[in-house]
Undergrad: 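Below is a structure I'd like to ask you about.
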Amino acid sequence: MAVFRSFKALRPAADKARAVAALPYDVVNREEARAIGEKNPLSFLHVDRPEMDLEPSIDLYDERVYAKARENLDNLEKEGILVQDENPCYYIYEQVRKGRTQTGIVGCSSIDDYMNGVVKKHELTREDKEQDRIRHVDSCNANTGPIFLACRYPQSLLDLMEDWKKSHPAACDFTEEDEITHRVWVIDDAEVIGKIHEEFAGIDSLYIADGHHRAASAVKVGRKRREQNPGYTGEEEFNYFLSVVFPYDQLCILPYNRVVHDLNGLTVKAFLAALKFNFELMLMPGFPCKPVEKHCMGMYVDGQWYHLKAWPDVYEGKDVVTQLDVSILQDKVLNPILGIQDPRTDQRISFVGGSHKAAELAQMADKTGGVAFVMYPTSMEDLMKIADESRLMPPKSTWFEPKLRSGLFIHKL
């Protein structure tokens, strides 16, 4: 059963929330972060991507980068931009994008639940990315970005959230330039806090939707601090990590598309011929092709769009991982035809989140003479089934939109 507890969030003053809120650190690069930071001195990217405030020649993993993160976080608190709640609370975090709403509860998950499999994962993590976030959490003495979790919400918990929203004003409510609305409510009533804690205690599994590296890093920091404090009781904040848990059926997964920079020495004709062993190909002249059902994908190569539909024997009777469209593409195209054996490390492939238009993928392919694939999105049901079986998805299988904003909630260790 899940342990999900309230905490004393460090969060923006109501009139500063919009300025502070920032995209996750891993969806903007150094140059993009610097451009945002120069325009907005309150952006939380100054904490999550502090290299923006240092000389460009300084390595991303230099000790000065992590020291700057702590300095910037401390300054936001000293200046009253961020204020810590006096008592432990839960928080409701609502996002609205293109008329679709997802509403979750912010609290702290247990590192023990991560280690014993109550918090379930579906992706591998990279050691270098883990080490970066471990040093960041350690230096800041805080979880600065929430882990995006999902679960099957009981109706009673959904009703509790709606009742609280109807009877209490939002602590902040703003819409950003991307037209995504963010609202936060503070649940500070002891009786309601107790009910929420009990509700989560009845939930068997929490699933990581996004934030595998942040979760793994937070857990490793917690374990490190347990070793440094052998008399720990389990109540210390380092035993928990910042999370937002959403109802799984409210979430929107967009496709994670692929662009391969060349055809692995093949002519276009030979490449198309190789695809016909596993796919029905249909030329789609005149407009980009976006798949509308599972086991189909759009493909752009040499100025033309094609619709690819996997033959039934490619996916029928296969296990939950093998039948994923991203697995089919990897196993039947990327590896055997285009020579992409390890997509996690191969520099010949780029991954493009589903918020980008198909025409942008075509432009990327044209620049290098390569090929672009527009995927059909993975479902939450498949994600949870894979996690339940302790299996792993191929890398870059899901793109969740909207992204959680960092800076709205900080969990101090």
Side-chain angles (χ1 to χ4, degrees), residues 6-28 32-54 65-97 101-108 136-137 139-148 164-165 168-188 211 214 237 242-244 402-413:
S6 55
F7 71 110
K8 301 175 185 178
L10 179 67
R11 55 192 182 88
D15 61 338
K16 299 295 193 296
R18 186 178 188 275
V20 171
L23 286 167
Y25 77 97
D26 52 355
V27 300
V28 294
E32 291 168 337
R34 184 180 294 275
I36 293 170
E38 287 176 350
K39 293 181 180 178
N40 181 6
L42 298 187
S43 171
F44 202 71
L45 284 173
H46 289 281
V47 176
D48 273 352
R49 296 302 299 261
E51 66 273 12
M52 71 162 71
D53 297 322
L54 300 172
V65 173
Y66 303 101
K68 190 65 176 176
R70 177 59 183 264
E71 177 188 337
N72 288 346
L73 180 60
D74 287 346
N75 286 340
L76 287 172
E77 188 171 5
K78 289 175 184 176
E79 294 167 7
I81 307 301
L82 299 177
V83 181
Q84 186 169 22
D85 288 322
E86 294 183 2
N87 299 303
C89 302
Y90 286 110
Y91 307 85
I92 296 175
Y93 182 18
E94 181 174 273
Q95 297 176 294
V96 183
R97 175 184 179 268
T101 300
Q102 60 186 39
T103 308
I105 296 179
V106 184
C108 286
H136 190 272
V137 172
S139 297
C140 291
N141 198 38
N143 304 135
T144 61
I147 312 306
F148 190 159
W164 188 271
K165 285 164 52 182
H168 296 82
C172 65
D173 182 345
F174 60 91
T175 301
E176 296 197 329
E177 293 179 0
D178 57 9
E179 299 183 352
I180 296 173
T181 297
H182 304 264
R183 299 188 183 102
V184 173
W185 287 262
V186 180
I187 300 177
D188 54 5
R214 277 170 281 147
E237 293 299 330
L242 179 63
S243 305
V244 187
K403 297 294 184 185
L404 305 185
R405 292 311 192 259
S406 294
L408 293 178
F409 318 94
I410 297 99
H411 171 228
K412 297 178 74 172
L413 304 184

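All values below were derived from every heavy atom in this structure, side-chain atoms included, with hydrogens, water molecules and symmetry-related copies excluded. Predicted model, so just to flag it, every value in this text is computed and none were measured.
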Undergrad: Between K8 and D85, is there a side-chain N and carboxylate O pair less than 4.0 Å apart?
TA: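 Salt bridge: no.
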
Undergrad: Are the side chains of D173 and E94 in contact, using a 4.5 Å heavy-atom criterion?
TA: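 Not touching, per the 4.5 Å side-chain cut-off.
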
Undergrad: Start with the C-alpha gap between R214 and T144, add the side-chain angles, then the distance that decides, and say whether side-chain contact (heavy atoms from CB on, under 4.5 Å) holds.
TA: CA-CA 9 Å; R214 277 170 281 147; T144 61; over 6 Å; no

Undergrad: Could you check I187 against C89 for side-chain contact (heavy atoms from CB on, under 4.5 Å), going step by step and ending with a plain yes or no?
TA: CA-CA 6 Å; I187 300 177; C89 302; 5.7 Å; no

Undergrad: At their closest point, which heavy atom of C108 faces which heavy atom of F7, and how far apart are they?
TA: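 Residues C108 and F7, closest heavy atoms: SG-CG, 3.7 Å.
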
Undergrad: In this structure, are over 12 heavy atoms from other groups packed under 6.0 Å from E86 atom CD?
TA: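 Counting neighbours around CD of E86, 12 or fewer heavy atoms of other residues, nucleotides or ligands fall under 6.0 Å, so no.
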
Undergrad: If you measure from CG on L45 to CZ on R34, what distance do you get to the nearest 0.5 Å?
TA: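 Separation between the atoms: 12.5 Å.
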
Undergrad: Hey, could you give me the CD1/CZ distance between I180 and F174, rounded to the nearest 0.5 Å?
TA: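 That separation rounds to 10.5 Å.
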
Undergrad: Walk me through it: do F44 and Y25 pass the test ring-ring contact (aromatic ring centres under 6.0 Å, His included)?
TA: CA-CA 9 Å; F44 202 71; Y25 77 97; over 10 Å; no

Undergrad: Measure the shortest side-chain to side-chain distance between N87 and D188 over non-hydrogen atoms and say whether it is less than 4.5 angstrom.
TA: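 Not touching, per the 4.5 Å side-chain cut-off.
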
Undergrad: Are the side chain of W185 and the backbone of W164 linked by a donor-acceptor contact shorter than 3.5 Å?
TA: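 Not a single qualifying donor-acceptor pair exists.
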
Undergrad: Would the distance check show the side chain of H46 and the main-chain N or O of N40 forming a donor-acceptor pair, the cut-off being under 3.5 Å?
TA: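 Yes, H46 side chain to N40 backbone: donor-acceptor pair under 3.5 Å.
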
Undergrad: Heavy-atom distance under 4.5 Å between the side chains of V186 and R11, does that happen here?
TA: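 Sidechains of R11 and V186: in contact.
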
Undergrad: Show me the side-chain donor-acceptor pairs of residues 405-413 shorter than 3.5 Å, one per line, residues at least two apart or across chains.
TA:
{"residue": "R405", "atom": "NE", "partner": "E176", "partner atom": "OE1", "Å": "2.9"}
{"residue": "R405", "atom": "NH1", "partner": "K403", "partner atom": "O", "Å": "2.9"}
{"residue": "R405", "atom": "NH2", "partner": "E176", "partner atom": "OE1", "Å": "3.0"}
{"residue": "R405", "atom": "NH2", "partner": "D178", "partner atom": "OD2", "Å": "2.6"}
{"residue": "S406", "atom": "OG", "partner": "D48", "partner atom": "OD2", "Å": "3.4"}
{"residue": "H411", "atom": "ND1", "partner": "N143", "partner atom": "OD1", "Å": "2.8"}
{"residue": "H411", "atom": "NE2", "partner": "E237", "partner atom": "OE1", "Å": "2.6"}
{"residue": "K412", "atom": "NZ", "partner": "E77", "partner atom": "OE1", "Å": "3.2"}
{"residue": "K412", "atom": "NZ", "partner": "E77", "partner atom": "OE2", "Å": "3.2"}

Undergrad: Could you walk me through whether K78 and N75 pass the side-chain contact (heavy atoms from CB on, under 4.5 Å) check?
TA: CA-CA 5 Å; K78 289 175 184 176; N75 286 340; 4.3 Å; yes

Undergrad: Side chain of H136, backbone of R49: donor and acceptor closer than 3.5 Å?
TA: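 Side chain of H136 to backbone of R49, a donor-acceptor pair under 3.5 Å: no, none is there.
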
Undergrad: Apply side-chain contact (heavy atoms from CB on, under 4.5 Å) to K165 and T103, showing your working.
TA: CA-CA 10 Å; K165 285 164 52 182; T103 308; 3.9 Å; yes

Undergrad: Once rounded to the nearest 0.5 Å, what's the spacing between atom OG of S243 and atom CD1 of I105?
TA: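 One finds 12.0 Å between OG of S243 and CD1 of I105.
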
Undergrad: Are any non-hydrogen side-chain atoms of L73 and L82 less than 4.5 angstrom apart?
TA: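 Heavy-atom side-chain distance check passes, below 4.5 Å.
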
Undergrad: Rounded to the nearest 0.5 Å, what separation is found between the OH atom of Y93 and the NE2 atom of H182?
TA: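 Here the rounded value is 4.5 Å.
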
Undergrad: Is a donor on one side and an acceptor on the other found under 3.5 Å between the side chain of R97 and the backbone of E179?
TA: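 Here the side-chain-to-backbone pair does not exist.
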
Undergrad: Looking only at heavy atoms, what is the nearest atom pair of L242 and G145, with distance?
TA: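 It is CD2-C, 4.0 Å.
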
Undergrad: Any idea which heavy atoms bring S43 and A22 closest together, and the distance?
TA: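 So the minimum-distance heavy-atom pair works out to OG-CB, 3.8 Å.
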
